[in-house]
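Below: the structure, in structure tokens.
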Amino acid sequence: MTISPLVVPWFRENARDLPWRRPGFTPWGTLVSEFMLQQTPVARVIPRLAEWLERWPTPADLASCPPSDAVRAWDRLGYPRRALNLHACAVAITEHHSGEVPSDVDALLALPGIGDYTARAIAAFAFGLRVPVVDTNVRRVLARAVEGLAEPWAPNARRDLPLMEAQLPVDLQDARDTNAGAMELGALVCVARAPRCDICPLADACAWVLRGRPEHDGPKARTQKKYEGSDRQVRGLILRDLRASDIPLTATELEAVWPEAVQRDRALASLLRDGLVTGSGDEGYKLPE
DNA sequence: CACACGTGGTT
DNA sequence: TAACCAAGTGT
């Protein structure tokens, strides 16, 4: 089926008033918002995004600060490597793109922390290019409406991009709203747990509804590992203390964050490897400057 | 391709 | 309460 004739009018009527959809929102703002939205819910992103753009209105502003400032300002958004990547992005844009966010998908893909989704989201939403934007929401909408499946398949660019590309109208504004509308539909209506088919603009044409909404049959998606007691948690605790300190923390001080030395050392080593922490037992540990 | 990677709200 | 879920990327 073709989703755009139904999705585009629905989106224009029902789109949330989000910061990155306001007129005059800059490509840099779009880039920052997309980094923050990688695996972090909209509601938690909005206030932090406003702080970032007020403090760093352009890539050059962020690039002029040390990475530690970015990691601190990232606060508790999660996956703090994104803060480091975003800072590195700002440096690369300043040095290699005259301080302007590139519109070319391949140029975007070459930047740190930008993958298939983010590159096309920036090209489509910041620059109005007709490129397929496929995130987990879009894959779920396509899986149900087009393929008749209850759950989306794992991300696969070879499959996802041509499938969405075929859904994009020629008109640029319609193409942009098809991308944004499919995401919005997946976020608000065609949701993972309890889809609201009663209010869905695609319901009458949805392949999954037409099949009687069959259960997912294939193998279940891998369940997320437990956070309590994980290396992730220990990394988070170490970083929390480093963010809060103006001076390097000694190995002794870090012992307080986690009792088990083996796991604590493993977490610290991985943070050092990731570049989220610098220093040593002698000079102390701190955020990268 | 499977797995690691934060954090907090919802069911 | 444990499990699930949230606009992914890098290895």
Side-chain angles (χ1 to χ4, degrees), chain A residues 11 15-16 18-21 29-49 71 74-86 88-89 108-126 132-142 151-161 164 176 179-188 190-195 216 219-240 242-243 257 263 266-267 269-271 273-277:
Chain A
F11 179 68
R16 287 169 292 178
L18 298 171
W20 42 91
R21 292 177 181 162
T30 300
L31 187 152
V32 174
S33 72
E34 291 298 347
F35 264 83
M36 291 183 170
L37 288 164
Q38 292 170 1
Q39 299 285 280
T40 299
V42 166
R44 262 205 292 158
V45 164
I46 288 174
R48 193 69 64 244
L49 175 66
V71 173
W74 195 255
D75 195 33
R76 314 282 296 270
L77 279 182
Y79 293 149
R81 284 187 300 196
R82 291 181 294 165
L84 223 44
N85 285 149
L86 185 42
C89 247
L108 288 161
L109 282 170
L111 295 171
I114 294 188
D116 284 320
Y117 164 74
T118 303
R120 291 174 177 80
I122 293 169
F125 301 138
V133 181
V134 183
D135 72 339
T136 188
N137 290 310
V138 174
R139 275 203 317 285
R140 189 168 52 247
V141 169
L142 293 174
E151 292 177 29
W153 50 89
N156 178 338
R158 290 258 171 274
R159 176 179 187 183
D160 302 343
L161 298 180
M164 189 59 180
R176 184 211 296 251
N179 277 318
M183 291 178 66
E184 191 80 339
L185 196 61
L188 300 181
C190 192
V191 293
R193 199 142 2 162
H216 176 69
K220 257 178 277 191
R222 204 167 216 77
T223 166
Q224 204 169 44
K225 240 177 156 181
K226 196 163 113 166
Y227 181 67
E228 282 296 318
S230 67
D231 285 8
R232 280 185 194 183
Q233 183 185 24
V234 181
R235 285 169 55 107
L237 291 171
I238 292 172
L239 232 35
R240 187 185 63 179
L242 290 179
R243 278 197 307 264
V257 308
Q263 191 179 20
R266 188 170 63 225
S270 75
L271 287 168
R273 188 165 54 245
D274 289 348
L276 277 164
V277 175

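We use all heavy atoms of the structure for the numbers below, so side chains are in, but hydrogens, waters and symmetry mates are not. Below, chain A is the first sequence line, B the second, and so on; all start at residue 1.
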So what does A:Asp274 hit on the nucleic acid, given a heavy-atom distance under 4.0 Å: a base, only sugar-phosphate, or nothing? nothing

So A:Thr118, base contact, sugar-phosphate only, or nothing? Heavy-atom distance under 4.0 Å. sugar-phosphate

What nucleic acid atoms does A:Leu18 come within less than 4.0 Å of, heavy atoms only: base, sugar-phosphate, or nothing? base

Need one value for A:Ala121: base, sugar-phosphate or nothing, where a base atom within 4.0 Å counts as base even if backbone is also close, heavy atoms only. nothing

Atom P, compared across B:dC3 and C:dC4: separation rounded to whole Å: 16 Å

Is any NZ, NE, NH1 or NH2 atom of the basic residue among A:Glu34 and A:Arg82 found under 4.0 Å from an Asp or Glu carboxylate oxygen of the other? no

When the nearest nucleotide of DNA chain B is assigned to A:Ala154 and to A:Tyr79 on a heavy-atom basis, which residue is associated with the more 5' position? A:Ala154

For C:dA7 versus B:dT10, give the span between their P atoms, rounded off to a whole number of Å. 14 Å

Using a heavy-atom cut-off of under 4.0 Å over every strand shown, decide if A:Gly115 touches base, sugar-phosphate, or nothing. sugar-phosphate

Heavy-atom contact window of chain A on DNA chain C, given 5' to 3' at under 4.0 Å: C:dC4 to C:dG10

A:Arg140/A:Glu151 salt bridge by N-O under 4.0 Å criterion: no

Pick base, sugar-phosphate or nothing for A:Pro80, based on heavy-atom distances below 4.0 Å to the nucleic acid. sugar-phosphate

A:Arg235 vs B:dG6: side-chain N/O to OP1/OP2 distance below 4.0 Å: yes

Return yes if the base of B:dG6 and the side-chain atoms of A:Ser230 contain a donor-acceptor N/O pair under 3.5 Å, otherwise no. no

Base, sugar-phosphate, or nothing for A:Leu239, non-hydrogen atoms under 4.0 angstrom? nothing

A:Asp116 with A:Arg120: basic N within carboxylate O range, under 4.0 Å: yes

What is the nucleic acid contact for A:Arg76, judged by heavy atoms within less than 4.0 Å: base, sugar-phosphate only, or nothing? sugar-phosphate

Interatomic distance at P, B:dG6 relative to C:dT1, whole Å: 26 Å

Under 4.0 Å, heavy atoms only, any strand: does A:Gln224 hit a base, just the sugar-phosphate, or nothing? base

Identify each atom pair where a protein N or O and an N or O of nucleotides 9-11 of chain B are less than 3.5 Å apart, giving names and distance.
unit_1, atom_1, unit_2, atom_2, d
B:dT11, O4', A:Arg193, NH1, 3.2

Between A:Thr136 and A:Lys226, which residue's closest nucleotide on DNA chain C lies nearer the 5′ terminus? A:Lys226

Would you indicate what A:Trp74 reaches in the nucleic acid, counting non-hydrogen atoms under 4.0 angstrom: base, sugar-phosphate, or nothing? nothing

Please classify the nucleic acid contact of A:Arg158 as base, sugar-phosphate, or nothing, using heavy-atom distances under 4.0 Å. nothing

